[in-house]
Amino acid sequence: MTDASNGAPAFVVRAPSATYPVYVEWGALDRIGGRLLETSLRGPVYVVSDSTVAWMYAGRVEQALGKAGLESHFYTVPAGEASKSLANAGELYAWLAEHRCERGSTIVALGGGMVGDLAGFVAATFLRGVAVVQAPTSLAAMVDASIGGKTAVNLPAGKNLVGAFYQPRMVAADLTTLRSLSSREMASGWAEAIKHGLILDPSLYRLFEERVEDLLDLEPEITEEVVRRSMAIKGRIVEEDERETLGRRTLLNYGHTIGHGLEAATEYGSLLHGEAVSVGMAAVGEIGHTMGLISREEVERYIAVLRGFGLPVRAPGVDPVSVLAAMKMDKKASGRRINWVLLEEIGRAVVRSDVPDDLAEATVRAVCSPDD
Ligand code: GLY
């Protein structure tokens with residue numbers, strides 16, 4: 001990997017539809033203007049953000065863009081998943097048109113996953129495509145959603161039902177933004193990062209075991225390394241299977257089958273996404289072990305890591321029947337079988353569709369059973 005301080009990106013994603021640099025730095029937002037110019041991105045720049053993020057970072061971004069001689073306009077949506085709607089996309093199109101956004105302009109998504117999805121979707125569709133830069137300000141958005149070009153809005157009928165694969169032209173992750181996140185939001189992001197180690201990179205996974213205290217304290221060097229390596233794993237998977245047609249990108253769904261079921265059963269109200277994924281990863285470890293894949297010791301080892309990062313590994317009190325119903329509805333189910341991602345060992349994942357229904361059901365019931 002290249003040293004980011006000399007101006008080089010942390011890494012470059014070379015997906016079939018686009019090649020783009022990824023910067024992972026303490027202070028990336030203060031350099032974003034120069035980085036846009038280096039990437040041949042032009043102004044005016046249309047920065048889309050939410051009400052929580054805007055007051056913290058819009059000033060810094062405006063200054064950085066101004067320093068690079070780039071004209072900028074700012075648009076803020078209310079914080080929260082409800083903003084990821086077609087109605088909001090419509091208002092954003094109108095605002096872009098009013099402020100003369102052209103094909104050669106640049107949209108910057110400054111925020112967490114919601115902003116990245118909404119602004120990315122609008123960028124994919126306005127004028128049939130305007131360049132978008134992802135500037136994630138949550139750990140979850142850094143290690144997962146900012147890379148890979150999945151953009152979407154929600155419909156009343158379900159989440160992410162309207163969207164597009166539309167790769168960003170640059171990703172700028174400013175690690176200083178992590179300092180303002182709550183411990184729950186951080187834990188939720190760590191769950192996705194730990195997942196990347198579990199599915200593909202045992203040496204990254206070991207850093208979570210060995211450096212938990214330093215990571216919880218956001219020690220600069222190890223935080224930068226772990227976030228960068230986790231983002232690079234996401235980038236590599238996207239290079240290999242941009243549109244999730246070859247099974248490779250499906251590996252990113254480790255823990256998500258039960259995780260999505262838990263989120264839906266609780267109406268997206270009580271568990272953060274990464275918390276639900278953490279419970280899902282703990283549960284699916286048991287399934288993998290019962291099916292003769294991963295050893296119990298390894299499952300217990302990584303469950304201890306999840307706990308160490310303050311993550312839940314069970315969901316007592318959630319209605320298992322609702323979880324199972326939601327899992328059956330999940331769009332990742334192919335035909336009548338669910339594609340489960342299982343671990344053969346830490347760092348090696350496989351997709352299996354032969355998990356017996358009664359094993360899945362017993363596992364969900366165990367996860368949801370009240371604590372002793
Ligand atoms: N978050 C999973 C993916 O981007 O494919």
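Just so you know, ligand 1 is whichever comes first in the structure, and atom 1 is the first atom listed for that ligand. Computed from heavy atoms alone, side chains included, the values below leave out hydrogens, waters and symmetry copies. Start at 1 with the first residue, then count along the sequence.
If you take OG1 on Thr151 and CD on Gln167, they are separated by 10.0 Å, rounding to the nearest 0.5 Å. Ile199 contributes atom CD1, which lies 12.5 Å from atom CG of Leu342 (distance to the nearest 0.5 angstrom). Here the straight-line distance linking atom CE of Met231 with atom CD1 of Ile147 works out to 4.0 Å at 0.5 Å rounding.
Those atoms of ligand 1 with a heavy atom of Leu252 less than 4.0 angstrom away are 3 (C), 5 (O).
The protein atom (non-hydrogen) at minimum distance from atom 1 (N) of ligand 1 is Asp144 OD1, 3.0 Å.
Note on ring orientation: taking the six-membered ring where Trp is involved, the planes of Tyr46 and His73 are parallel (angle under 30°, cut-offs 30° and 60°).
On a distance-only criterion, Arg249 and ligand 1 share at least one N/O pair closer than 3.5 Å.
At a 4.0 Å cut-off, at least one heavy atom of Lys234 sits close enough to ligand 1 to count as contact.
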